[in-house]
Number of protein chains: 2
Amino acid sequence: MFSKACEYGIKASIFIAINSYKGKLVSPKEIAKEIDSPQAFTAKILQDLVRHNIINSIKGAYGGFEIRKEELASIKLSQIVNAIDGDNIYNGCGLGLNNCSEEHPCPVHEKFKSIRDNLKYMLENTNLEELALDIKSGASFLKV
Amino acid sequence: MFSKACEYGIKASIFIAINSYKGKLVSPKEIAKEIDSPQAFTAKILQDLVRHNIINSIKGAYGGFEIRKEELASIKLSQIVNAIDGDNIYNGCGLGLNNCSEEHPCPVHEKFKSIRDNLKYMLENTNLEELALDIKSGASFLKV
DNA sequence: TTTAATTAGGATATTTTTATCCGATATATT
DNA sequence: AATATATCGGATAAAAATATCCTAATTAAA
Ligand code: FES
Ligand code: FES
């Protein structure tokens, strides 16, 4: 479904979100430990998310990654997925035709589109804050 | 969503299905042309589908691939997807946790499961015959 | 101003996926 | 039996995704 990079990116963002609540910066090392991902690879993904203005980095000593508190509720999963994997998963054809359209549908188009639209809707309407709160309360988990 | 191999496998199966209706065997060459895929790679995927008893091969001169007419309506998309990509797409965790479960859910579990279950239901309830008929009638397309 | 801590980013390595090539094997026809 | 035509299957190649390493740049604190 999502690439490894994207899975790490989502989980990392959630972990950063939790800590940003408390005003705490986190490092790639801490993040990789908490989400059970390769550290250097995770660091690359974090850079990517910074470039896409999804997370914020503070360079130098005592630096780290954060998400501005006021943005926590407005950052949607779709932004993270789009930044890392692009929009193919929720806009592209399920069988790889160049374009998904009603005019030139692939064999699964009719059956696939509602699923893909549900996914799109879910990604565009799920924000980091709600996901972070579930982790905080122990209702969900980032690893294992 | 699906791997390239799986996309080719689905499209190839549909094209074989259409021809098996008419009792015609098809070659990897014809298939690759009709579904716009690399021929040798497609041939490997066909072998795989044969091993999984989804399609049938007739070796030697005047041979080719077919699907037994009486099975056309009972072969489900899920069989093809499962043969090539495995069941992760419709059974695995969306964020890559080792297992998807209610007891140890990832942050997107609640929101993801209905989408994944819809996908699973769709794959398990869509058969090759109906997809082939749409191609035959010009209601859907295998390439471009 | 020096030092230590930390992100940025380029280079490289490894693994997986995608793709190609070729000889072996099977088989219907002649 | 010989021949032509296919699939089968192993070896290789190329591209993409995943992962690691090392140095540069930045910056807070001592
Ligand atoms: S054309 Fe394939 S999903 Fe729409
Ligand atoms: S645990 Fe992640 S989708 Fe169920």
Side-chain angles (χ1 to χ4, degrees), chain A residues 1-13 15-16 19-20 23-33 35-67 81 83-86 88-89 95-96, chain B residues 1-13 15-16 19-20 23-33 35-67 81 83-86 88-89 95-96:
Chain A
M1 180 74 81
F2 305 118
S3 67
K4 280 285 163 199
C6 192
E7 290 177 3
Y8 298 155
I10 293 171
K11 290 190 275 193
S13 298
F15 181 67
I16 296 169
N19 284 278
S20 293
K24 184 174 181 299
L25 298 178
V26 288
S27 66
K29 189 173 177 178
E30 288 177 90
I31 295 168
K33 192 185 165 199
I35 72 174
D36 197 19
S37 67
Q39 182 182 326
F41 188 52
T42 305
K44 292 290 188 203
I45 296 161
L46 294 171
Q47 280 181 44
D48 206 17
L49 292 174
V50 169
R51 276 185 228 108
H52 280 86
N53 285 303
I54 292 167
I55 65 178
N56 189 234
S57 72
I58 314 283
K59 297 175 201 172
Y62 294 80
F65 296 90
E66 64 168 2
I67 296 173
V81 171
I84 300 174
D85 281 353
N88 203 267
I89 185 93
L95 292 187
Chain B
M1 181 75 80
F2 305 119
S3 67
K4 278 288 164 199
C6 192
E7 290 177 1
Y8 299 154
I10 293 171
K11 291 189 275 193
S13 298
F15 180 66
I16 295 169
N19 284 279
S20 293
K24 184 175 181 298
L25 297 179
V26 288
S27 66
K29 189 173 177 179
E30 288 177 90
I31 296 169
K33 191 186 165 198
I35 71 174
D36 197 19
S37 67
Q39 182 181 328
F41 188 50
T42 305
K44 292 291 189 203
I45 297 161
L46 294 171
Q47 281 182 44
D48 206 16
L49 293 174
V50 170
R51 274 184 230 108
H52 280 87
N53 285 302
I54 292 167
I55 66 178
N56 189 235
S57 71
I58 315 283
K59 298 176 201 169
Y62 295 78
F65 295 90
E66 64 168 2
I67 297 173
V81 172
I84 302 175
D85 281 352
N88 204 266
I89 185 95
L95 293 187

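In this text the structure is predicted, and so the values were computed from the model without any measurement.
To the nearest 0.5 Å, atom NZ of residue A:K29 and atom NZ of residue A:K33 are 9.0 Å apart. The OG atom of B:S20 sits 7.5 Å away from the CG atom of B:L25 when rounded to the nearest 0.5 Å. Once rounded to the nearest 0.5 Å, the distance linking CG of A:N19 with CD of A:E30 reads 6.5 Å. Atom-to-atom distance recorded for B:I16:CD1 and B:S27:OG is 10.0 Å, nearest 0.5 angstrom.
Side-chain contact check for A:Y8 versus A:P38: some heavy-atom pair is nearer than 4.5 Å. For the pair A:L95/B:K11, a side-chain contact is recorded, criterion being any heavy-atom separation below 4.5 Å from C-beta on.
OP1 or OP2 of D:dC8 lies within a sub-4.0 Å distance of a side-chain N or O belonging to B:S57.
Residue A:I58 is classed as a sugar-phosphate contact, given heavy-atom separations below 4.0 Å to backbone atoms only. Note on B:L25: nothing from the nucleic acid sits closer than 4.0 angstrom, heavy atoms only.
Annotation: of the two residues near DNA chain C, A:A61 and A:R51, the 5′-most nearest-nucleotide partner is A:A61.
For DNA chain C, the outermost nucleotides in 5' to 3' order that have an atom under 4.0 Å from a heavy atom of chain B are C:dT18 to C:dT29.
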Inset, instruction - Output, in order, the C-alpha distance, side-chain angles, deciding distance and verdict of side-chain contact (heavy atoms from CB on, under 4.5 Å) for A:F65 and A:V50. - result: CA-CA 9 Å; A:F65 296 90; A:V50 169; 3.7 Å; yes
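Between the C1' atom of D:dA6 and the OH atom of B:Y62 lies a distance of 11 Å, rounded to the nearest Å. Atom C1' of nucleotide D:dT26 and atom CD of A:Q47 are separated by 14 Å, given to the nearest angstrom. One atom, NZ of B:K29, and another, C1' of D:dT5, lie 12 Å apart when rounded to the nearest Å.
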Inset, instruction - Spell out protein contact along nucleotides 11-22 of chain D as letters: B when the base is contacted, S when just the sugar-phosphate is, - when no protein heavy atom is under 4.0 Å; keep the 5' to 3' order. - result: B------BBB--
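The two residues A:I35 and A:A12 come nearest to each other via the heavy atoms CD1-N, 3.9 Å.
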